[in-house]
Amino acid sequence: MRSMNARTIFIVDDVPSMRERLAELVRDIEGVEIVGSAGTPDGAVDGILRTHPDCVLLDYQLVDGTGVDVLRAVHPKSPEIAFIMLTNHATPQHRRACLDAGARFFFDKSTEFSCIRGAIAELDRVAL
């Protein structure tokens, strides 16, 4: 059984080294547990629905699809899951598509990578 302050995180990125970098970024946050990861939209949807994490770190561009595909598949079934969208495609159109599909945060990996920890901390301050 998880403690009241625990936050479970699922990581989605099609680049294994980026999944590991994200895991390293959040692994030492007190109360955070990484419950799974995936590199494809189908793997992400299956893993997220199976583990039902509090938060998903979700890359925009995936092999065979996008993070928006994942959001559209999962968010209506589990709107309480907080999605943090990550991208190298930080255009206003991409941002709007992600936020409209249910992402709580949208960060440019190249300039806002360090914001991920703050977003997770913010989720701790509000009910998920």
Side-chain angles (χ1 to χ4, degrees):
M1 181 175 198
R2 267 190 273 167
S3 77
M4 296 252 307
N5 295 327
R7 292 288 177 245
T8 54
I9 295 183
F10 195 94
I11 298 172
V12 182
D13 199 295
D14 58 345
V15 178
S17 61
M18 181 56 73
R19 286 195 303 269
E20 184 53 37
R21 185 172 174 210
L22 289 166
E24 287 175 11
L25 180 71
V26 301
R27 191 174 284 133
D28 65 343
I29 299 173
E30 185 176 343
V32 166
E33 176 188 358
I34 298 168
V35 294
S37 66
T40 65
D42 288 343
V45 171
D46 291 344
I48 293 165
L49 293 176
R50 182 176 31 77
T51 61
H52 202 79
D54 296 311
C55 178
V56 176
L57 302 181
L58 179 59
D59 186 28
Y60 180 88
Q61 188 62 50
L62 301 168
V63 173
D64 298 327
T66 69
V68 174
D69 298 329
V70 174
L71 277 167
R72 288 181 180 146
V74 175
H75 189 271
K77 296 174 186 172
S78 298
E80 67 284 356
I81 297 174
F83 285 88
I84 299 175
M85 183 64 68
L86 309 169
T87 187
N88 288 319
H89 308 280
T91 67
Q93 296 85 356
H94 286 106
R95 181 179 302 274
R96 177 59 27 221
C98 294
L99 296 175
D100 286 349
R104 293 216 193 151
F105 296 95
F106 179 95
F107 296 123
D108 183 330
K109 283 192 231 179
S110 61
T111 61
E112 300 173 307
F113 194 82
S114 62
C115 296
I116 296 167
R117 289 177 64 95
I120 292 169
E122 185 173 322
L123 294 174
D124 282 344
R125 289 189 290 275
V126 297
L128 288 172

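Remember, predicted model here, so these are calculated numbers, not experimental data.
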Minimum heavy-atom separation for [X] to [Y], with atom names?
{"X": "Leu62", "Y": "Gly39", "result": "CD2-O, 4.2 Å"}
{"X": "Gly65", "Y": "Pro41", "result": "CA-CG, 3.8 Å"}
{"X": "Ala103", "Y": "Met85", "result": "CB-CB, 4.2 Å"}
{"X": "Ala44", "Y": "Ala38", "result": "N-CB, 3.5 Å"}
{"X": "Val68", "Y": "Ala101", "result": "CG1-CB, 4.2 Å"}
{"X": "Ser37", "Y": "Arg19", "result": "CB-CD, 3.9 Å"}

Does the side chain of [Y] come within less than 4.5 Å of [X]'s, by heavy atoms?
{"X": "Thr8", "Y": "Thr51", "answer": "no"}
{"X": "His52", "Y": "Glu80", "answer": "yes"}
{"X": "Val32", "Y": "Arg117", "answer": "no"}
{"X": "Leu123", "Y": "Ile84", "answer": "yes"}
{"X": "Thr87", "Y": "His94", "answer": "no"}
{"X": "Leu22", "Y": "Ile34", "answer": "no"}
{"X": "Pro53", "Y": "Ile9", "answer": "no"}

- request: Start with the C-alpha gap between Lys109 and Asp59, add the side-chain angles, then the distance that decides, and say whether side chain to side chain contact (heavy atoms under 4.5 Å, CB included) holds.
  value: CA-CA 9 Å; Lys109 283 192 231 179; Asp59 186 28; 3.0 Å; yes

- prompt: Say you draw a straight line from OH of Tyr60 to CG of Asp69; how long is it, rounded to the nearest 0.5 Å?
  reply: 8.5 Å

query: Roughly how far, to the nearest 0.5 Å, is CZ of Phe105 from CZ of Arg95?
result: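 Arg95 atom CZ to Phe105 atom CZ measures 12.0 Å (nearest 0.5 Å).
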
- request: Please step through side chain to side chain contact (heavy atoms under 4.5 Å, CB included) for the pair Ile48 and Leu58, ending with a clear verdict.
  value: CA-CA 11 Å; Ile48 293 165; Leu58 179 59; 5.7 Å; no

task: Kindly assign one of parallel, tilted or perpendicular to the pair Phe83 and His75, based on the angle between their ring planes and the thresholds 30° and 60°.
output: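 Tilted: the ring planes of Phe83 and His75 meet at 30° to 60°.
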
- prompt: Considering the options Leu86, Ile11, Asp13, which one meets the side-chain contact (heavy atoms from CB on, under 4.5 Å) requirement together with Met18?
  reply: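 Among Leu86, Ile11, Asp13, the one meeting side-chain contact (heavy atoms from CB on, under 4.5 Å) with Met18 is Asp13.
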
message: Just checking Asp100: does its CG atom have more than 12 heavy atoms from other residues, nucleotides or ligands closer to it than 6.0 angstrom?
response: yes

